[in-house]
Asks: 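Sharing a structure, written as structure tokens. Questions coming.
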Amino acid sequence: MSDEGDKWSVEASGLYAHMTRMSFITCVIVFEDILRVIHVTHKALQSSSCTLSEAAALTDNLKAHFKSQRQADTWSNMWGSVKQFCRDNNVPVPGDADVECQTPGPLAPKRKRATKPPTSLDSFLVTTTLGQRETDESGAQRSQSDTAGFQQHLYLPVLDTLINELDRRFTGESIDLARACAAVFKCDKNGI
């Protein structure tokens with residue numbers, strides 16, 4: 001794929017350029033952490049020996065875990081993992097004193113017309129441009145290595161969506177009903 005002039009070398013170069021972006025690396029590390037926890041819960045829920053009360057406890061624990069992940073120190077650890085991965089793989093980290101990085105200076109902000117992404121994409125994480133660049137309040141293009149930006153626009157919205165979906169799918173009434181059914185099967189008067 002690295003042979004010059006081969007059609008695959010162009011695709012490989014494009015993939016390499018995309019995979020060495022901070023946004024891609026951050027997404028991979030964030031989603032790997034989140035999906036690892038979901039996978040463990042999924043496997044436990046799919047077990048043939050899983051009872052209704054165990055399923056209720058698993059979903060409660062998963063919700064509690066995601067709520068605990070919303071703390072600033074958890075994001076700091078995650079961001080540290082992203083930066084360490086970049087250092088280990090010779091990916092420049094803008095703003096990092098240990099790694100040299102050539103970043104263009106800020107462009108003079110132009111007054112642009114307001115852009116709004118399609119409402120059909122509100123529930124999705126969009127990592128590519130939709131014909132516009134994200135800007136801050138002053139109109140300057142947002143940094144691709146801004147820890148607060150990744151936390152506010154990627155990490156926290158994903159966690160909030162997961163927590164809300166778990167709350168919606170596993171409401172308090174359905175969890176209580178599952179526990180009561182399990183207590184009936186065990187002939188436990190206190191659980192009913």
Side-chain angles (χ1 to χ4, degrees), residues 18-47 49-89 91-99 101 117-130 133-137 141-179 182:
H18 183 71
M19 292 174 68
T20 56
R21 289 183 185 157
M22 285 294 291
S23 59
F24 180 84
I25 294 168
T26 304
C27 284
V28 167
I29 290 174
V30 165
F31 283 111
E32 186 274 332
D33 184 66
I34 289 171
L35 291 174
R36 183 174 17 89
V37 174
I38 291 173
H39 179 71
V40 170
T41 305
H42 165 74
K43 287 295 188 186
L45 288 171
Q46 294 296 321
S47 170
S49 63
C50 184
T51 64
L52 289 171
S53 61
E54 290 171 350
L58 284 168
T59 56
D60 284 344
N61 290 340
L62 187 62
K63 282 192 277 189
H65 173 75
F66 286 142
K67 286 178 182 176
S68 72
Q69 294 293 99
R70 294 192 88 259
Q71 298 178 11
D73 61 333
T74 306
W75 172 251
S76 297
N77 293 339
M78 183 91 51
W79 187 249
S81 298
V82 169
K83 289 172 68 171
Q84 187 61 45
F85 179 87
C86 290
R87 283 188 204 107
D88 292 346
N89 293 285
V91 175
V93 180
D96 192 355
D98 298 339
V99 180
C101 180
T119 57
S120 60
L121 297 177
D122 285 347
S123 300
F124 298 95
L125 171 66
V126 179
T127 60
T128 60
T129 61
L130 299 172
R133 302 276 184 220
E134 291 193 34
T135 57
D136 60 14
E137 293 80 25
Q141 188 171 336
R142 198 166 44 125
S143 170
Q144 288 294 318
S145 66
D146 179 24
T147 181
F150 283 122
Q151 182 183 17
Q152 292 173 356
H153 298 289
L154 171 70
Y155 188 65
L156 294 177
V158 168
L159 286 177
D160 290 341
T161 301
L162 288 169
I163 292 166
N164 289 335
E165 276 300 304
L166 286 168
D167 283 339
R168 186 180 69 79
R169 291 180 183 232
F170 303 102
T171 61
E173 297 87 25
S174 64
I175 297 294
D176 291 340
L177 184 60
R179 287 192 177 116

Asks: Let me see the working for I34 and L159 under side chain to side chain contact (heavy atoms under 4.5 Å, CB included), right down to the final yes or no.
Replies: CA-CA 9 Å; I34 289 171; L159 286 177; 4.1 Å; yes
Asks: What I'd like to find out is whether the side chain of T74 reaches to under 4.5 Å of the side chain of Y155, using heavy atoms alone.
Replies: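 They are in contact (side-chain heavy atoms under 4.5 Å apart), so the answer is yes.
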Asks: Hey, what do you get for CD (E32) to OG (S81), rounding to the nearest 0.5 Å?
Replies: 9.5 Å
Asks: Would you say that H65 contacts T41 through its side chain, given a criterion of any heavy-atom pair below 4.5 Å between the two side chains?
Replies: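 A side-chain contact under 4.5 Å is absent here.
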Asks: Give the minimum heavy-atom separation between S49 and E54, together with the two atoms involved.
Replies: O-OE1, 3.5 Å
Asks: Distance from T147 atom OG1 to Q151 atom CD, nearest 0.5 Å?
Replies: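 With rounding to 0.5 Å, OG1 (T147) is 6.0 Å from CD (Q151).
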Asks: If you define the side chain from C-beta out and look only at heavy atoms, does anything of V158 sit under 4.5 Å from F31?
Replies: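 In short, these two side chains touch, coming nearer than 4.5 Å.
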Asks: Quick one: closest heavy-atom pair of T20 and V91, and the distance?
Replies: O-CG1, 3.4 Å
Asks: Less than 3.5 Å apart, any donor N or O on the side chain of W79 or T26 sitting next to an acceptor on the other?
Replies: no
Asks: Find the distance between CG (L156) and CZ (R70) and round it off to the nearest 0.5 Å.
Replies: 5.0 Å
Asks: Should F66 and I38 count as side-chain neighbours, where that means a heavy-atom distance under 4.5 Å?
Replies: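 Touching, per the 4.5 Å side-chain cut-off.
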Asks: How long is the straight-line distance from NZ of K83 back to CG of D88, given to the nearest 0.5 Å?
Replies: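 The distance works out to 13.0 Å.
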Asks: Are any side-chain N or O atoms of D33 and backbone N or O atoms of I29, one a donor and one an acceptor, separated by less than 3.5 Å?
Replies: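 It does not hold such a pair.
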Asks: May I ask you to test the C50-L58 pair for a side-chain heavy-atom distance under 4.5 Å?
Replies: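 Yes, close enough: below the 4.5 Å cut-off.
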Asks: Where is the tightest heavy-atom contact between H18 and F24, given as atom of each residue plus distance?
Replies: O-CB, 3.3 Å
Asks: Can you check whether W75 reaches V30 side chain to side chain, under 4.5 Å on heavy atoms?
Replies: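 The answer is yes, as the side chains (C-beta and beyond) meet within the 4.5 Å cut-off.
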Asks: Are F150 and S23 packed together at the side-chain level, in the sense that at least one heavy-atom pair is separated by less than 4.5 angstrom?
Replies: yes
Asks: Nearest 0.5 angstrom please: D167 CG to L162 CG, how far?
Replies: 11.0 Å
Asks: For the CD atom of Q71 and the OG atom of S76, what is their distance to the nearest 0.5 Å?
Replies: 11.0 Å
